[in-house]
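Order of listing sets the numbers, starting from 1, for every ligand and every atom in it. All values derive from a computational prediction rather than experimental measurement.
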Amino acid sequence: MKPMPATTAKPGFWKKSHHLDRMTLRELVFAYLQYPAIVIYLGLAAVGIGLWAWRPAPIPNSLAAIGAAIVLFPLVWYLLHRWVLHSQWMWKHSLLAATWKRIHYDHHQDPNHLEVLFGSPANVVPTVAAATIPVGWMIGGMGGAAAAFATGMITTCVNEFFHCIQHLSYRPKNRWLAAIKQRHMAHHFHDETGNFGITNFGWDRLFGTMYNKVSDRAKSATVFNLGYTPEVAERFPHVARLSGGVEMRPPSHRHRAAGNTPK
Ligand SMILES: [Zn+2]
Ligand SMILES: [Zn+2]
Ligand SMILES: [Zn+2]
């Protein structure tokens, strides 16, 4: 049998739909570096570095601002992933439902689909700016804010890359990489109410939501639909309307059922 292509034609901005379960690491790196959101983030990081060079903060302040951004990033991600992306209120409001579907529901519905794995710059950039610029400014004025923001954008790219790797169908030799991949897979396929981190599970440890083995927890009935069940969809139909119904089957089953015509 001929292997399925890693990319399928799809009209739209990026021209192609990419599926990580059919990509190699090399193909992923190539697609990643061309992905518009990543290009935007790297461009904004360059703007931040340029601003810092124009109005530099003293080195100790700059390093402190960079450090603050590195420490804050996983905390902000944890809070958003647990209480916004896995919330049960966004699907209720027509204005928020489309955003929720785009930024997390679609990723849990089709975890290997690269285009919905990445966040959208319209949501990511303001979030990173809000999390880094005020604290950076307090530490080092304009230069500190620029350094913190650039760090936030670079951390976003690093996080997105590791998130892609976690969904790539290969077994990493590196033990740390294998462990974070296993935890994220458990978040997708076993119990979505834990393992909210991507590369940093410190906040999961602190809040008691980390688990290493799937045998540590019972399988969640809502691991694929995130609680957006047909009953919920009856009351709050926005997401179902945008998705063409409520899909109850697990993503792997859908991939097989879709055969040669992946979404
Ligand atoms: Zn999630
Ligand atoms: Zn994921
Ligand atoms: Zn897919």
Indicate whether any N or O donor in one side chain lies under 3.5 Å from an N or O acceptor in the other, for H81 and H104. yes
Shortest-distance N/O/S atom, H108 versus the Zn ion (ligand 1): NE2
Tell me yes or no: between the side chains of T209 and Y78, is some donor less than 3.5 Å from an acceptor? yes
At the Zn ion (ligand 1), what is the angle formed between atom NE2 of H187 and atom NE2 of H86, rounded to the nearest 10°? 90°
Main-chain N/O of F196 paired with W77 side-chain donor or acceptor, under 3.5 Å: yes
Any N/O/S atom, side chain or main chain, of H188 closer to the Zn ion (ligand 1) than 2.8 Å? no
The Zn ion (ligand 2) has as its nearest N, O or S atom from H184 the atom NE2
Test item: K101 and R241 side chains (from C-beta on) under 4.5 Å apart, heavy atoms: no
For the Zn ion (ligand 1), the nearest N/O/S atom on H104 is atom NE2
In H163, the N/O/S atom nearest the Zn ion (ligand 2) carries the name NE2
Proximal heteroatom of H107 relative to the Zn ion (ligand 2) (N/O/S): NE2
Main-chain N/O of H113 paired with H19 side-chain donor or acceptor, under 3.5 Å: no
Are H238 and H93 close enough that a side-chain donor and a side-chain acceptor fall under 3.5 Å? no
